[in-house]
Amino acid sequence: MAKAWKAKGIYPQLSYRWNAQVILAVKIQEVYSWAESIRNPDNIKELHNLRISVKRLRYSMEFFTINYGKAFKDFLKVLEDLQEQLGDIHDCDVVEMVLTDYLKALPDQGDTETDAIGINALLLRYREMRKAKYEAFLQQWDALEETDFKGQLLKIVTGKLGAAQSS
């Protein structure tokens, strides 16, 4: 699992709002650091790391919800959906690994041919399910890109901090 990015510039003597802006801006950048990896469905580790980063951002946002309005909650819902989609994809990846390992470990005796047929059928079903879930995730991600989800979220999160950081 990828390490969480550290947020610098957090100080207890500064406002809750200031610290929220600093932390959430870093978490958003962490999520989008995985963006280039998601176009390859074989990037299992990277997709899982994206899920973990989305989870970190979501939970951090939930902690700071008091600072923001309704639009913020709408962004939270989107992140929850992304996290769930990525979790479903990861679940399929894990099941495939477990079934593949089990298939390799089947003994050469008994009714292993029937077992192998059943396991291969399950593997096929999970691969198809994963493919459909992955494609749905990409459609959601692309739709978010088209609406500049990242930019809009940063604008809400950082407010005046964004101007201060760019100067």
Side-chain angles (χ1 to χ4, degrees), residues 1-8 22-64 71-158 162:
M1 174 173 26
K3 283 187 154 190
W5 288 19
K6 302 283 184 201
K8 297 176 183 165
V22 171
I23 292 167
L24 295 177
V26 170
K27 297 295 180 197
I28 292 166
Q29 296 302 337
E30 179 185 337
V31 165
Y32 280 88
S33 72
W34 299 106
E36 289 184 26
S37 301
I38 66 166
R39 298 288 168 197
N40 182 346
D42 296 329
N43 287 342
I44 293 169
K45 185 176 181 179
E46 291 83 355
L47 286 166
H48 180 62
N49 285 333
L50 172 60
R51 177 183 160 269
I52 299 303
S53 293
V54 167
K55 181 172 139 179
R56 288 179 184 137
L57 171 59
R58 178 182 158 213
Y59 293 168
S60 296
M61 285 175 64
E62 287 174 351
F63 183 77
F64 292 115
F72 195 73
K73 291 181 182 177
D74 294 340
F75 282 98
L76 272 169
K77 176 64 177 135
V78 171
L79 291 171
E80 182 180 348
D81 291 345
L82 283 176
Q83 182 183 344
E84 186 173 325
Q85 286 179 317
L86 289 163
D88 290 346
I89 291 167
H90 184 67
D91 290 348
C92 289
D93 291 334
V94 170
V95 168
E96 181 176 346
M97 285 186 270
V98 168
L99 289 175
T100 300
D101 288 348
Y102 183 78
L103 195 58
K104 289 176 185 174
L106 278 177
D108 292 330
Q109 57 190 1
D111 198 13
T112 57
E113 186 176 328
T114 303
D115 290 345
I117 291 169
I119 293 168
N120 279 314
L122 268 175
L123 272 169
L124 180 61
R125 185 176 302 159
Y126 272 95
R127 286 178 182 145
E128 290 170 355
M129 187 184 325
R130 192 227 193 248
K131 182 180 179 188
K133 289 180 182 298
Y134 175 75
E135 288 171 2
F137 161 74
L138 279 184
Q139 286 179 341
Q140 167 106 9
W141 186 269
D142 289 343
L144 293 173
E145 290 284 297
E146 287 177 23
T147 62
D148 190 27
F149 179 83
K150 177 185 177 184
Q152 290 181 43
L153 181 56
L154 278 168
K155 185 177 177 182
I156 287 174
V157 164
T158 59

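For reference, positions follow the sequence shown, starting with 1. In this text the structure is predicted, and so the values were computed from the model without any measurement.
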Novice: Identify the two heavy atoms, one from P41 and one from L47, that lie closest to each other, and give their separation to 0.1 Å.
Specialist: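 What the structure gives for the nearest pair is O-CD1, 4.2 Å.
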
Novice: Quick one, K73 with M61, criterion side chain to side chain contact (heavy atoms under 4.5 Å, CB included). Give me CA distance, side-chain angles, the key distance, then yes/no.
Specialist: CA-CA 9 Å; K73 291 181 182 177; M61 285 175 64; over 6 Å; no

Novice: Taking all atoms of both residues into account, what is the closest heavy-atom pair of Q29 and L154, and its distance?
Specialist: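 Answer, listing the atom of Q29 first, then L154: NE2-CD1, 3.7 Å.
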
Novice: Would the number of heavy atoms belonging to other residues, nucleotides or ligands and lying under 6.0 Å from OH of Y102 be above 12?
Specialist: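 For Y102, atom OH is not crowded (no more than 12 foreign heavy atoms under 6.0 Å).
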
Novice: Could you tell me the separation between the NZ atom of K8 and the CD1 atom of I23, rounded to the nearest 0.5 Å?
Specialist: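 Reported value, rounded in 0.5 Å steps: 14.5 Å.
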
Novice: Name the orientation class of the two ring planes belonging to Y32 and W141 (parallel below 30°, tilted from 30 to 60°, perpendicular beyond 60°).
Specialist: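 Taking W141 first and then Y32, their aromatic rings sit tilted (interplane angle of 30° to 60°).
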
Novice: Please name the pair of heavy atoms, one in K6 and one in V26, separated by the smallest distance, quoted to 0.1 Å.
Specialist: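 For K6 versus V26, the nearest heavy atoms are O-CG1, 3.8 Å.
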
Novice: So, the side chain of T100 versus the backbone of M97: is there a donor-acceptor pair under 3.5 Å, distance only?
Specialist: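 Checking the backbone N and O of M97 against the side chain of T100, no donor-acceptor pair under 3.5 Å is found.
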
Novice: Would you say V78 and Q140 make side-chain contact, with heavy atoms under 4.5 Å?
Specialist: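 Heavy-atom side-chain distance check passes, below 4.5 Å.
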
Novice: Could you list the residues that satisfy side chain to side chain donor-acceptor pair (under 3.5 Å) with D93, not counting sequence neighbours?
Specialist: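 Partners of D93 under the side chain to side chain donor-acceptor pair (under 3.5 Å) test: R130.
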
Novice: Taking all heavy atoms of R58 and all of L76, pick out the closest pair and write down the distance.
Specialist: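 The answer is O-CD2, 3.5 Å.
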
Novice: Does N43 use its side chain to pair, donor to acceptor, with the backbone of E46 at less than 3.5 Å?
Specialist: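 Pair absent, no side-chain N/O of N43 close to backbone of E46.
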
Novice: Side chain to side chain donor-acceptor pair (under 3.5 Å) with K131: which residues, sequence neighbours excluded?
Specialist: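 Side chain to side chain donor-acceptor pair (under 3.5 Å) list for K131, sorted by chain: empty.
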
Novice: How long is the gap from NE2 on H48 to NE2 on H90, to the nearest 0.5 Å?
Specialist: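 Result: 4.0 Å between the selected atoms.
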
Novice: Say you draw a straight line from CG of D74 to NZ of K77; how long is it, rounded to the nearest 0.5 Å?
Specialist: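 One gets 10.5 Å once the value is rounded to the nearest 0.5 Å.
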
Novice: Can L50 and V54 be said to form a side chain to side chain contact (heavy atoms under 4.5 Å, CB included), step by step?
Specialist: CA-CA 6 Å; L50 172 60; V54 167; 4.0 Å; yes

Novice: Specify the closest pair of heavy atoms between I38 and L138, including all atoms of both residues, with the distance to one decimal.
Specialist: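 Reported closest heavy-atom pair: O-CD2, 3.8 Å.
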
Novice: Shortest non-hydrogen contact from V31 to S53?
Specialist: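 Distance-wise, the nearest heavy atoms are CG2-O, 3.4 Å.
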
Novice: Given side chain to side chain contact (heavy atoms under 4.5 Å, CB included), test Y134 with C92 step by step and report yes or no.
Specialist: CA-CA 10 Å; Y134 175 75; C92 289; over 6 Å; no

Novice: Determine, step by step, whether K133 and F137 satisfy the side chain to side chain contact (heavy atoms under 4.5 Å, CB included) criterion, reporting the C-alpha distance in whole Å, the side-chain angles of both residues, the deciding distance to 0.1 Å, and the verdict.
Specialist: CA-CA 6 Å; K133 289 180 182 298; F137 161 74; over 6 Å; no

Novice: Working to the nearest 0.5 Å, report the span between CG of D91 and CG of L86.
Specialist: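 D91 CG to L86 CG: 11.0 Å, rounded to 0.5 Å.
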
Novice: With no hydrogens and no angle check, is any side-chain donor or acceptor of Q152 less than 3.5 Å from a backbone partner on T147?
Specialist: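 Answer holds: yes.
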
Novice: To the nearest 0.5 angstrom, please state how far the CD atom of E96 sits from the CG atom of D101.
Specialist: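 These two atoms lie 10.5 Å from each other.
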
Novice: Does the side chain of L24 reach to within under 4.5 Å of the side chain of F63, using non-hydrogen atoms?
Specialist: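 Counting from C-beta outward, L24 and F63 never come under 4.5 Å.
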
Novice: Using the salt bridge (Lys or Arg N to Asp or Glu O under 4.0 Å) rule, take R39 and D142 through it: C-alpha gap first, then chi angles, then the decisive distance, then the call.
Specialist: CA-CA 11 Å; R39 298 288 168 197; D142 289 343; 2.4 Å; yes

